[in-house]
Each structure stands twice: as C-alpha cells, then as structure tokens.
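Quick caveat, the model's predicted, so the values are computed rather than measured.
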Amino acid sequence: MQIVLFLVAAATVVATFADRISVPAPSLLVVAGVVVGLLPIAEQVHVTPEIVSLVVLPPLLYAAGEELSWRELKRLWRPVTLLAVGLVLVSAAAVGFVTTMLTPLSPALGFVLGAVLASTDPVAVTALGRRLALPPRLQTLVQAESLFNDATSLILFRIAVAAAVAGGAVGWTGVTLDFARLAGGGVLVGGVVAVGVSWVRRRTEDPVLESVIALVVPYLAYVLAEAVRASGVTAVIVAAVILGIRQHELTNPGIRLQLTAVYGTLIFLLESVVFSLIGLQLPGQIRELSAAERSWVPAVLAIALTLVVVRVAWMFPLSALRQWRTGGRLRPSWQVPAVVSWAGARGVVPLAAALSIPLTTASGLPLPHRSLLMVLATGVIVVSLVAQGFTLAPLVRLSGLAVSPGHSRAEYVRARRRLTEIAAGYIEQLEDLEAASPAVLAHVRRSVQTQMDLDQESEDLTGAYSQIRRDVLAVQSDALSRMYAAGEVGQETHRRLQRHLDRQDQRFTDE
C-alpha cells in the first residue's frame, strides 16, 4: 500500500510535468517506472495477474468504451474487422517467427508471445489519443480497433498456452467453439448487464447511488463473463458502448457532472499506477534472467520493429484497396495509414496477458524460459509506449490530419447558435400556448437573446464575456466565504450556494 501511494504521488508530479512539456503522460510514467524499478525498494513489488486484470483493467476499458462514437463505428465496421481479426493473426505469426529465430524460446512459446503482443491496447491508445486532435472518423478507427481486437488475441493466447504449457493441440472445431464462447458469451453478458443497469438507473436519481453503480458496472460485467468462461474484456466493452449511447437518457445534467468528476479521478489514479507498474516491472524481470538469456535487448527491438512493419504492410495496401473501390475518387495518401500504423501502442491488456502465463507445465515442471518471455513482453510494451508515445503527436502534426483549433471553435459556435435558435422557437411556442406567465417567459427570452447576441459576435468578445463572468463569480465566491466565516449563513446554505457558483464557473470555463 505504501508503494502504491508513492506511485500515485509520483505519477501526479510526472503527469503535471508531462502536461507542461506537452508529452503524453503514459509514456513519461513508463519512463519514471523504469527509473523507480532500478531502486532497491522496487524489489519488494510483485504484481499479480489479478491486480491488473481484475482491479485495474475493467474501469479503464469501460471508460475507453464509453468514449467510442457509435455513429462513426457503424461506418467503419469493415476496416475495424480487418484490423481486429486479420491484423492480429498476422502480427501473432510474425512475432512468433521472429522470436523463435532470435531467442531460445520454442515455436510454441514464441507463438504465446505473439498472441500476447498481437493486439493494440485500448487503454494506452485512448490515453495517448486524448491530446491528439484527430478527425472523428480516424479517432474512432484507432480506438475501435484497440477495443475489439482483444477477443481475437485472447483466443490465440489461450490456444497457444494450451499447446505450449499443457502440451495439447486444438483443432479447428475447438478454435471455433472457443471463439463462440469467449467472444459471443462476452457480447451476451455485456448486453445483459447493460440492460439490467439501464433498468436500475431509470429508477433512481440519487447521485451517490449513481456513482456506486457507475463504479460497479465494469467489475460486474467482467466477473460475470469470466464466471461463465466468456471474455470479460469483451463484456466490459459491450456494456460500456451500450450505456455510453444511452447515457443522456439515464441521467440528468447534475449527475453527469458528478460522474465525470468521479470517473476522471478514478481513471487518473488507475492509469498512473498501471503505466508506472509497466515500467517498474522491467528491471526486476531482467534481474531474474539466467546467463544464457541476457542478450534480450536485440530481440525486444526486433519484435517491436516487426509489429510496426506488419502494421505498415497491412495498412497501406488496405488504404490503397479503399481508394481503388471508390473508383479513384479518393487521392492516394500516406497520412492516414501512417498515423494508424504508428498509433498501435501496446500496454495494459498485453501486460495482463503476460502476467497470466502459467509458472509450470502440465507435468508440474517449471515453464522453460518464462522469465525471458516476461522480459520480452514487458520490454516491447515499454518500447512501444515510449517510442510511439513520444513521436505520435509530431507525426500527426506532420501529416496535417490534426483538426485545427479554429475548425473546432467554428463548429462549436455553429452548434451553439443552432441550439439557441431552437430555444427561442420553443419559447415562442410556450407564448402561443400561454403555458407560463408573460413575466417568466420575458425573463427567459432576455436570457436566450443575450446568448444569441453573443453567439453572433466575434470569438474575442465571447472569450472576454466568459472571462469577466468568471471574475464576477470569483468575487461572489470570496464574498460567500466571508459571509460563512462571519456567521451570516449556515453550513448547508454555504455548501449549496458554493456548488451553484462552481457549476456556473464550469459553464463559462467550457465556453
């Protein structure tokens, strides 16, 4: 517990520093974890598979799934399927071949490593992508691939472990049944959990209960799926996507603000710990290697390079095929396949898979070269997060794919103006129906008209208005604190008024 608290404190400092120098926090956290792993205190840290797969992974996957755009996903299901299935198979085979050529691992263990590293990681991809202003469709493609390729890699991993550890062979019938049970069962469990949670949330507006439900859902989906031998990862993702689509039907604005704050804090804590632990594991794993396994660095670099080369070799022909299918209406370009290829970072999900590799074979003997297997897996994850994490943003800027702040601002202003016009039309309907007193409707109309006037002004005026309103709210907040200190208002009144002022300040901060 002391080490976890230390990691959280250190991660807070690292994340703050990363924001100041405009680098992704996960990459910097991994580097910090490696540095801490060289200290004597790190020898006491032993991460079990349950900590990563059961405690850390479900809420991180849930948060990534909620951010997925369902509208864009429906348009991109074909390329997502090709990436989530075809690319995973090819990547696993390529890594297995390279590993067998460069290390003393057997072909079966090489394929185990390939299955571990074949899929991109939704947690890492989402964390790295938060700072990138990618077009919505491209962001959805990268994120959806990382979310839905885990079922394929999990199937491969279990088959590979059965062959390498249990000494068994799995036929096509067994593969098909495994895939149906894991992927299909995960989808079914995730859907059932989403329906049940929706039913409960429709019947409560208690902020505390809503927060508890939101925190429990990912764990509930994961545990139920694993209990019926389905894919817990798939169940969490399906539940997250469904509940994310229906979020505005199930909660009110106040609860949504609270859930955003609660989940934002939880995700920061978990990401801080898990990315630090990835780096923290590597030095200790290296110390456990035998003398014959010390030449692991070339293998790690070669495997990491293989994963990138396979993605490039898969993405560019896929992009050319899409251009050909449009009849040449789309000009060939390197930007999209290059960014998608470089965005395939590995992270938490591969780490969880690597940690779950058994210690012994079916005969009870120690699994050969397991320490080397762990070093290779963790080393590739570290290289991926550091190399791709630090260079992804410059590549996006070089490609010209980043959405400019001016474009985002113009879209925001247009949407606000349209919403304001709809509000004005609704007030006119209320006046025609005499649904409220003229004084109340006149007051509401003045408020809406003020907003409409601001939307029609320049961006500078809108920004100045928001800043002055925040300054006024700050003055009111200071006055309220003095009134409370002087005994003019009680604690409950002070709390309610302060919350009201905070909500208003958040409103003008977002503008």
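- Within 6.0 Å of atom CZ in Arg229, 12 or fewer heavy atoms from other residues, nucleotides or ligands are found, so the atom counts as exposed in its surroundings.
- The closest donor-acceptor contact from the side chain of Glu66 to the backbone of Gly244 lies at 3.5 Å or more, if one exists at all.
- Within the 4.5 Å cutoff, side-chain heavy atoms of Leu259 are placed close to those of Ser211.
- What you find for Leu351 and Ile381 is that their closest heavy atoms are N-CD1, 3.7 Å.
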Subject >> Trace of the side chain to side chain contact (heavy atoms under 4.5 Å, CB included) decision for Ser356 with Phe157 >> reply: CA-CA 10 Å; Ser356 65; Phe157 176 72; 3.6 Å; yes

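- Between Tyr62 and Tyr263 there is a side-chain heavy-atom pair separated by less than 4.5 Å.
- Two residues are said to be in side-chain contact when any heavy atoms from C-beta on lie closer than 4.5 Å; Val386 and Val382 meet this criterion.
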**OP:** Go through the steps for Met374 and Leu355 under the test side chain to side chain contact (heavy atoms under 4.5 Å, CB included), then give the verdict.
**Re:** CA-CA 8 Å; Met374 294 299 300; Leu355 290 172; 3.6 Å; yes

Subject >> side chain to side chain contact (heavy atoms under 4.5 Å, CB included) between Val80 and Leu83, worked out >> reply: CA-CA 5 Å; Val80 168; Leu83 293 173; 5.9 Å; no

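- Between the CG atom in Leu73 and the CD1 atom in Ile245 there is a gap of 8.5 Å [rounded to 0.5 Å].
- Considering all non-hydrogen atoms of both residues, Ala63 and Ile267 come closest at CB-CD1, 3.7 Å.
- Nearest heavy atom pair, residue Leu147 against residue Gly65, reads CD1-CA, 4.0 Å.
- With sequence neighbours excluded, the residues satisfying side-chain hydrogen bond (donor to acceptor under 3.5 Å, both in side chains) with Arg311 are Glu145.
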Original post:
Are Leu182 and Thr234 close enough, and set up right, to give a side chain to side chain contact (heavy atoms under 4.5 Å, CB included), and what steps lead you there?
Top reply: CA-CA 8 Å; Leu182 289 168; Thr234 303; over 6 Å; no

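- Side-chain contact between Leu57 and Val349: present, with at least one pair of heavy atoms (C-beta onward) separated by less than 4.5 Å.
- Each of Leu76, Val396, Val340 was compared with Leu138 under the side-chain contact (heavy atoms from CB on, under 4.5 Å) criterion, and only Val340 meets it.
- Rounding to the nearest 0.5 angstrom, the gap separating the CG atom in Leu282 from the CG atom in Leu277 is 13.0 Å.
- Rounded to the nearest 0.5 Å, atoms CH2 (Trp342) and OG1 (Thr391) are 5.0 Å apart.
- Closest approach of Ser27 to Phe390, counting heavy atoms only: CB-CE1, 3.8 Å.
- Using a 4.5 Å cut-off on side-chain heavy atoms (C-beta onward), Arg370 and Leu359 make contact.
- Of the inter-residue distances, the one linking Leu29 atom CG with Ile278 atom CD1 reads 9.5 Å to the nearest 0.5 angstrom.
- Between the OG atom in Ser198 and the CD1 atom in Ile242 there is a gap of 8.0 Å [rounded to 0.5 Å].
- If you check the side chains of Ser146 and Thr120, you find no donor sitting under 3.5 Å from an acceptor.
- Counting all heavy atoms, side chain and backbone alike, Ala225 lies closest to Ala235 at CB-CB, 3.6 Å.
- Using a 4.5 Å heavy-atom threshold, the side chains of Leu243 and Leu250 count as touching.
- Judged by distance alone, the side chain of Arg181 and the main-chain N or O of Gly186 form no donor-acceptor pair under 3.5 Å.
- Taking 4.5 Å as the limit, some side-chain heavy atom of Leu61 sits within range of a side-chain heavy atom of Val233.
- A donor-acceptor pair under 3.5 Å links the side-chain atoms of Gln258 to the main chain of Pro207, judged by distance alone.
- Considering every non-hydrogen atom in both Leu270 and Pro59, the closest pair reads CD1-CG, 3.3 Å.
- Put simply, OG on Ser153 and CG on Leu87 are 11.5 Å apart, with the number rounded to the nearest 0.5 Å.
- One side chain, Thr378 or Gln285, offers a donor N or O that lies under 3.5 Å from an acceptor on the other.
- Between the side chains of Glu210 and Thr204, not a single donor N or O lies within less than 3.5 Å of an accepting N or O.
- Taking the side chain as every heavy atom from C-beta outward, Tyr219 and Val236 never approach each other to under 4.5 Å.
- Judged by distance alone, the side chain of Arg346 and the main-chain N or O of Gly344 form a donor-acceptor pair under 3.5 Å.
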